[in-house]
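This report concerns only the one structure given below.
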Amino acid sequence: MRSNTPSLAPGFTLFPYLKPPHTTLFFHQIFVLILTFLAYASFHASRKPPSIVKSVLGPTVQTDSTSNDTGWAPFNGPEGTHRLGELDLAFLTSYAIGMYFAGHLGDRIDLRLFLVFGMMGSGILTIIFGFGYWFDVHLLGYFIGVQVICGVFQSIGWPCVVSVVGNWFGKEKRGLIMGVWTSHTSVGNIIGSVVASGVLEFGWGWSFLVPGILIIVVGILVFCFLVVSPDDLGFEMMSSGKEIEMCVGEENVANLEKVESEEAGLLENKDSDSLAAIGFLEAWRLPGVAPFSFCLFFSKLVAYTFLYWLPFYIRHTAVAGVHLSHKTAGILSTIFDIGGVLGGVLAGFISDVIDARAVTSVTFLLLSIPALILYRIYGSVSMVTNIGLMFLSGLLVNGPYSLITTAVAADLGTQDLIKGNSRALATVTAIIDGTGSVGAALGPLLAGYISTRGWNSVFLMLIFAIFFASIFLVRVAKTEIGRMASEGKELGSSVTAS
């Protein structure tokens, strides 16, 4: 148990019927899933605007005779795409660095307050970036400074929501369930794209103001109703994985106290070890952490390149000979994220069925290579082919990205070294996503520079990144295949013997 005692969310004082015994453990598990889903979706919605406004801020390209694009200094010059890439780098670098520290801090303070702090800061900084439009700011240092600070606040989100979900579900994570839950990333991207594109015609500042307000509103909701741990409501999550609800009544309390006193001696040493914070280097040495971390490095490089540059690419690439408007390009880019939602769920389901998450990830990654090639070659033929191939690319690229961020956390719960250790889970989660975020910072930066040579070079970079992501999981996948083969032989032997 944490050294500090988290305060119960104030919403339960206003609505006492949300407390046990009026509500069940299952009710609160679903409630926590919904709240954390909304929280992280709002994080992604608030980081989507830079990609939507790139085509407005960036260098002017004469797309048609009626185009009146003027850009926005300092991003509209010959080096504009470089400056836009550096803007992404500023945000994602501070995000990656902050990720390594956020997990440790989250283990030592109230997760609800820490998460709300991150959401409020992210919302305010997103709005401040938009103020550059109304105050006619053209200083590169202003925009980079805002993005650096915003990245630090944004890094708080993922370790917090993962730790909260881990507290409520323990080792009962499953690929399909977590695949649905982690669709918050794609859902947030979709919401951010639609909202930012919808108000872009009023001025690019509105594309930051509205998503900034959105995350603040969701942050207030999280502050009022998020419960960090079942213990805070009187539920006990037993070490065996079974849940026991704290019942009202003297007899039940007495019986529970008797059980606790009998088990205290057996669990004391185990708890003191399992709840100690794990070291940074020790976490890196855990089986599977390094290969999945480096795989996520390259997977996020690809995913975030699409996140930050896809609307710009669509705007500057004719579809059926016609250049789309800023608004249409932004909304059309959501097709990639819609595919990502299905990809995360599908990857989780398949990994459950075959019980081999590395094999599933490698398969999706390798299939995404021809999908990207087809999208680059045939995406401009017609709107139908563009949508279809973009959807397929999003499904295959985001599938393993979503799976890795959850499958590793689930698999770590079975390792003897950290079994039942929620603090180790938060630390390892921060390491994995932090390493992936370094790749996320590198991808958009490289895209900003390489795109000046042509988009074929950008897609070639993405293909190489996917190939390397697959290489890092080959060894783990071979182990899974060997295990499945041995289990198949054992099953065959037992059937023959019977």
Exercise. Above 12 or not: heavy atoms from other molecules or residues under 6.0 Å from CZ of F27?
Worked result: yes
Seminar exercise, completed: Nearest heavy-atom contact between L301 and A465 is CD2-CB, 3.9 Å
For this session: Please determine, by modelled atom types, if Q147 and Y95 share a side-chain donor-acceptor pair under 3.5 angstrom.
Result: no
For this session: Anything under 30° is parallel, anything over 60° is perpendicular, the rest tilted; go ahead and classify Y308 against F91.
Result: tilted
For this session: For the pair T317 (side chain) and I314 (backbone), establish whether a donor and an acceptor sit closer than 3.5 Å, ignoring hydrogens and angles.
Result: no
Seminar exercise, completed: dist L307:CG -> L310:CG (nearest 0.5 Å) comes out at 9.0 Å
Problem set entry | D88 with K54: basic N within carboxylate O range, under 4.0 Å | yes
Exercise. Do V438 and K300 come close enough that some side-chain heavy atom pair is under 4.5 Å?
Worked result: no
Exercise. Does any non-hydrogen side-chain atom of L221 lie less than 4.5 Å from one of L35?
Worked result: yes
For this session: Evaluate the ring-ring contact (aromatic ring centres under 6.0 Å, His included) criterion for residues W181 and F37: first the C-alpha distance (whole Å), next the side-chain angles of each, then the deciding distance (0.1 Å), finally the verdict.
Result: CA-CA 6 Å; W181 181 70; F37 183 99; 7.9 Å; no
Exercise. Are R357 and D352 close enough that some pair of their side-chain heavy atoms sits under 4.5 Å apart?
Worked result: yes
For this session: Take R112 and F225, measure what side chain to side chain contact (heavy atoms under 4.5 Å, CB included) needs, and give me the verdict at the end.
Result: CA-CA 9 Å; R112 177 176 62 90; F225 294 103; over 6 Å; no
Exercise. Any side-chain donor paired with an acceptor under 3.5 Å for Q29 and T24?
Worked result: no
Exercise. Does S299 reach the main-chain N or O of L296 with its side chain, forming a donor-acceptor pair under 3.5 Å?
Worked result: no
Exercise. Does one side chain, of T385 or S382, offer a donor that lies under 3.5 Å from an acceptor on the other?
Worked result: yes
Exercise. Can you tell me how far CD1 of I215 sits from CE of M119, rounded to the nearest 0.5 angstrom?
Worked result: 5.0 Å
Problem set entry | Point-to-point distance, once rounded to the nearest 0.5 Å, from CG of L446 to OG1 of T305 | 7.5 Å
Exercise. Does the T23 side chain pair with the main chain of L18, one donor and one acceptor, at a distance under 3.5 Å?
Worked result: yes
Exercise. Do the side chains of F391 and N386 get nearer than 4.5 Å, heavy atoms only?
Worked result: no
Exercise. Can you name the closest pair of heavy atoms from V362 and S470 and give their distance?
Worked result: CG2-O, 4.1 Å
Problem set entry | Donor-acceptor contact below 3.5 Å, side chain T363 vs main chain V359 | yes
Exercise. What distance separates S122 OG from L214 CG, expressed to the nearest 0.5 Å?
Worked result: 12.0 Å
Exercise. Does L392 reach the side chain of L396, with side-chain heavy atoms less than 4.5 Å apart?
Worked result: yes
For this session: Output yes when a side-chain donor or acceptor of S94 lies under 3.5 Å from a complementary backbone atom of A90, and no otherwise.
Result: yes
Problem set entry | Donor-acceptor contact below 3.5 Å, side chain S486 vs main chain R483 | yes
Problem set entry | W158 and H184 aromatic centres sub-6.0 Å | yes
Problem set entry | pair F43-L115: side-chain heavy atoms closer than 4.5 Å | yes
Problem set entry | Proximity of F235 and F26 rings by center, below 6.0 Å | no
Exercise. Just wondering, do F298 and I466 contact through their side chains at under 4.5 Å, heavy atoms?
Worked result: no
Problem set entry | L33 side, atom CG; W168 side, atom CH2 - distance, nearest 0.5 Å | 10.5 Å
Exercise. Counting N and O atoms only, with roles assigned by atom type, does the side chain of N167 sit under 3.5 Å from a partner on the main chain of V228, one being a donor and the other an acceptor?
Worked result: yes
Exercise. With a 4.5 Å limit on heavy-atom distance, are the side chains of T81 and W309 in contact?
Worked result: yes
Exercise. Does atom CZ of F31 have more than 12 heavy-atom neighbours from other groups under 6.0 Å away?
Worked result: yes
For this session: Examine distances only and state if a side-chain atom of S197 and a backbone atom of V194 form a donor-acceptor pair shorter than 3.5 Å.
Result: no
Exercise. Within the side chain of S42, is there an N or O that forms a donor-acceptor pair under 3.5 Å with the backbone of A39?
Worked result: yes
For this session: For F153 and F117, run ring-ring contact (aromatic ring centres under 6.0 Å, His included): C-alpha distance rounded to whole Å, both residues' side-chain angles, the deciding distance at 0.1 Å, then the answer.
Result: CA-CA 8 Å; F153 280 104; F117 175 71; 5.2 Å; yes
For this session: Could you tell me the separation between the CZ atom of F336 and the OH atom of Y375, rounded to the nearest 0.5 Å?
Result: 9.0 Å
